[in-house]
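Here's the structure we're looking at; comments come further down.
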Number of protein chains: 2
Amino acid sequence: MNGTISAADIGRGPLYKRVKSLLTQSLADGEWKPNEAIPSESRLAERFDVSIGTVRKAIDELTAERILVRQQGRGTFVAAHTQSRFLYHFYHVVDEDGIKRFPTPELLQFRRIRAEQNVATRLGLDKGARVIHARNLLRIEGYPVEVNDIYVDAEVFEGLDRDTFSNRPGTIYQLYQERFGLNIIRTSEQLRAVAVDESEANLLDIEVNAPVLQVDRIAFTYHSKPVEYRRSLVNTSRHVYQSDQEATG
Amino acid sequence: MNGTISAADIGRGPLYKRVKSLLTQSLADGEWKPNEAIPSESRLAERFDVSIGTVRKAIDELTAERILVRQQGRGTFVAAHTQSRFLYHFYHVVDEDGIKRFPTPELLQFRRIRAEQNVATRLGLDKGARVIHARNLLRIEGYPVEVNDIYVDAEVFEGLDRDTFSNRPGTIYQLYQERFGLNIIRTSEQLRAVAVDESEANLLDIEVNAPVLQVDRIAFTYHSKPVEYRRSLVNTSRHVYQSDQEATG
DNA sequence: AAGTGGTCTAGACCACCAT
DNA sequence: TGGTGGTCTAGACCACTTA
């Protein structure tokens, strides 16, 4: 016994999977924050008492999942929601010609409410739990394109107020990350075509009952913990929702 | 010189990338067909004159891209569109409760036509090129859910007839693969909400102008070569389109 | 020049499958 | 039992960044 924590001492299965699990736990605990470098591969090999190759294999998987980002010569960093990363991975609305343009958000509503069953279920909460509800209108080049309703656990986001939410510099996921240390690493979406209601039609400047794309999204952080539920209505007359599968060879 | 082809002799960049490229080329050439085993790692290491570790890294990437599939103790196989694989990766329509059910197709139309500009562009052909057009109605548990129009290059699919297309045992991508050696490894989709026309409304048994999900898909084989363009109209009143991003940690 | 990640090798041993 | 992929190690060298 020398005080170092050996990855061989805990759990079962392949060593590199245990190393990966230890790294993920440190990330969830906030030992290393987004945009920070984690220790070098050789230091991690010492810390976990395994060879560098084993650490590399664990980090390989975490970079494949875009939880970590390697930079040759500099180090390995905790992935952060820079605007370009956000644009690329979680925002799917593009121009008809396929070009992604960043939308300008306008906060229409911000309030604390009790969660109804639907919202509570998707956030993994009990019905009636305190949640924050925000409604945004997104414009691209001045034209309204999307209205969304966002729900988050009010306890997790204790202290979040309208101004902070509204006057943030970057994306909402950057806010979650920088202000609350919650890094969104996965989303699951369900899409439907629906006829737009009168109130949303007015916001989107289209006719009542016009077809719009309804996107229900749950956003997850480490260990598949749901952080945000969001319902978006998208006017797809000038824009489309892009969905690609499988990386190219 | 001993007659073996050394990966070090061709191209530039990392060795394992060159090995990967040689493997991809063999796949595109049909040296190994879907469901067949490729040579063992040690044989490939000899053939390309590199170490096993380098071959493993090349195969690692090809399995991550689901082009190859490893089975411990048996070998490494060329990925095939089994029904379950197809269900999981390229078919996104699920029940409201999130369960995927396989649809039953009915071939409504099968003909050879000249490509209009839109179709030609997406298939990488010239306007007026000969293409095959097929229209299908998909039912889930008896209810019509989706109508699609499929376009493929008639030269590539020379000899394909209505009966073969209609009375196939599995999915359409299995047909492409088994009959023409074309393996679909990537798709790109653009989604819109649109009001349904009269003819499609009749097929889907819904009201004219009801909102439906329009999915434009281009399916690619190796080297990003477009193989199929397909436009689907989905009735999302009882089903949804599922879209997940990022593998979970 | 020192430190980081990236590549490549060689070999040992394990887990699994077919026979 | 022999062959396959899966894990793990140890070390050498390269490419890149920072100071």
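Chain letters run A, B, ... following the sequence lines, proteins first, then strands; residues in each count from 1.
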Exercise. What is the distance, rounded to the nearest whole Å, between atom CG of B:Leu44 and atom P of D:dG3?
Worked result: 17 Å

For this session: Examine C:dT4: is either OP1 or OP2 under 4.0 Å from a nitrogen or oxygen in the side chain of A:Ser40? Give yes or no.
Result: yes

Exercise. Looking at residues at least two apart in the chain, or sitting in another chain, which of them share a side-chain contact (heavy atoms from CB on, under 4.5 Å) with B:Asp163?
Worked result: B:Asp161, B:Asn167

Exercise. Which whole-number value in Å describes the distance from B:Leu68 CG to D:dG6 P?
Worked result: 12 Å

Exercise. What string of B, S and - do you get for nucleotides 7-19 of chain C 5' to 3' if you count protein non-hydrogen atoms under 4.0 Å?
Worked result: BSB-----BBSS-

Problem set entry | Nearest-Å distance for atom pair CG/P, residues A:Leu62 and C:dG5 | 14 Å

Problem set entry | Atom pair distance, as rounded to whole Å: CG in A:Asp60 and C1' in D:dG6 | 15 Å

For this session: Apply salt bridge (Lys or Arg N to Asp or Glu O under 4.0 Å) to B:Asp216 and list each qualifying residue two or more places apart in sequence or on a separate chain.
Result: B:Arg122, B:Arg231

Exercise. Does a side-chain N or O from B:Arg70 land closer than 4.0 Å to OP1 or OP2 of D:dG6, or not?
Worked result: yes

Problem set entry | Sequence-distant partners of A:Ala219, side-chain contact (heavy atoms from CB on, under 4.5 Å), two or more places apart | A:Tyr173, A:Ile184, A:Thr187, A:Glu228

For this session: With sequence neighbours left out, write down each residue that passes side-chain contact (heavy atoms from CB on, under 4.5 Å) with A:Phe157, or none if nothing qualifies.
Result: A:Ile132, A:Val152, A:Leu160, A:Tyr176, A:Phe180, A:Leu182, A:Val227

Exercise. Does B:Glu178 have any side-chain contact (heavy atoms from CB on, under 4.5 Å) partners at least two apart in sequence or in another chain, and if so, which?
Worked result: B:Gln174

For this session: Would you please test A:Ile172 and A:Arg168 for side-chain contact (heavy atoms from CB on, under 4.5 Å) and show each step?
Result: CA-CA 8 Å; A:Ile172 290 173; A:Arg168 67 200 139 79; 3.2 Å; yes

Seminar exercise, completed: Separation of C:dG6 atom P from B:Lys20 atom NZ, nearest Å, is 16 Å

